[in-house]
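Reviewing the structure listed below.
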Amino acid sequence: HTVVVAGYHLVSGSNDCKIRVWDQEGRVLTESSEHEDSVTHIVFDPELRLMASVGDDQMIIVYRLPAMSVIQRIESDEDREPYCLAFWNGRLVCCFDESEDICVFTPDFAVDTNLSQHSDTVNVISVWRHSGQ
């Protein structure tokens, strides 16, 4: 079960294949049933215009916020299961199960680059804003 806080709403993804948006009172505001298997990870772009989710169905789904309308579905090939997502410099990035690569997508979600300096499986990716030093 994945839980992410965005502003004053809570967003969760679950083994029931659904993503739910909750208000502070614990009411479900909206839900999405786009995944066909468990939702395992949810991320937001820094401007909170986009949200991306990944599930055990090997599908990455990108939504436009706040409507949660699907703008892109990225299906992984059979031997690469996506499980970790982040937004980096306006681009979606992903790591895959049993892979040393980090996949960087173009702004229109085509595969652009694979970052591959790790000598073993990438387990997590994260982004932070630095002060330029």
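What you are looking at is a predicted structure, and each value in this text was computed from that prediction instead of being measured.
- A 4.5 Å side-chain heavy-atom check between H9 and D23 finds at least one atom pair inside the cut-off.
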_side chain to side chain donor-acceptor pair (under 3.5 Å) evaluation trace for T106 with D108_ = CA-CA 5 Å; T106 64; D108 61 350; 2.3 Å; yes
Donor-acceptor list for residues 88-99 side chains, cut-off 3.5 Å, not counting sequence neighbours:
from	atom 1	to	atom 2	distance (Å)
R91	NH1	D112	OD2	2.4
S99	OG	D101	N	3.1

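- Between S32 atom OG and K18 atom NZ the span is 10.0 Å, to the nearest 0.5 Å.
- V11 is not connected to V127 by any chain of hydrophobic side-chain contacts under 4.5 Å among Ile, Leu, Val, Met, Phe, Trp and Tyr, and they are in different clusters.
- Put simply, CD1 on I74 and CD1 on I60 are 5.0 Å apart, with the number rounded to the nearest 0.5 Å.
- Considering every non-hydrogen atom in both E100 and S119, the closest pair reads CG-C, 3.8 Å.
- Counting heavy-atom neighbours within 6.0 Å of E75 CD, excluding the residue itself, gives a total of 12 or less.
- Counting heavy atoms from C-beta on, the side chains of C103 and V111 come closer than 4.5 Å.
- Rounded to the nearest 0.5 angstrom, D16 CG and S33 OG are separated by 8.0 Å.
- Salt bridge annotation for R73-E34: present, with a cationic side-chain nitrogen under 4.0 angstrom from a carboxylate oxygen.
- To the nearest 0.5 Å, atom CD1 of residue I42 and atom OG of residue S12 are 6.5 Å apart.
- Under the rule for a side-chain contact (heavy atoms from CB on, under 4.5 Å), the partners of N123 that lie at least two apart in sequence or sit in another chain are Y83, T121.
- Counting heavy atoms from C-beta outward, I19 and M68 have side chains that approach closer than 4.5 Å.
- If you chain together hydrophobic residues whose side chains sit under 4.5 Å apart, V104 and V43 never meet in one group.
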Pairs of donor and acceptor atoms involving the side chains of residues 47-54, under 3.5 Å and at least two apart or interchain, shall be tabulated with distances.
from	atom 1	to	atom 2	distance (Å)
E47	OE1	R49	NH2	3.4
S53	OG	H35	NE2	2.7
S53	OG	Y63	OH	3.3

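- Inter-residue side-chain proximity for N114 and I102 is flagged as unmet; no heavy-atom pair is nearer than 4.5 Å.
- Linking ILVMFWY side-chain heavy atoms closer than 4.5 Å, directly or via other members, places F105 and I71 in a single hydrophobic cluster.
- Rounded to the nearest 0.5 angstrom, E81 CD and S76 OG are separated by 8.0 Å.
- Hydrophobic clustering keeps F109 apart from I125 (ILVMFWY residues linked when any side-chain heavy atoms are closer than 4.5 Å, directly or through intermediates).
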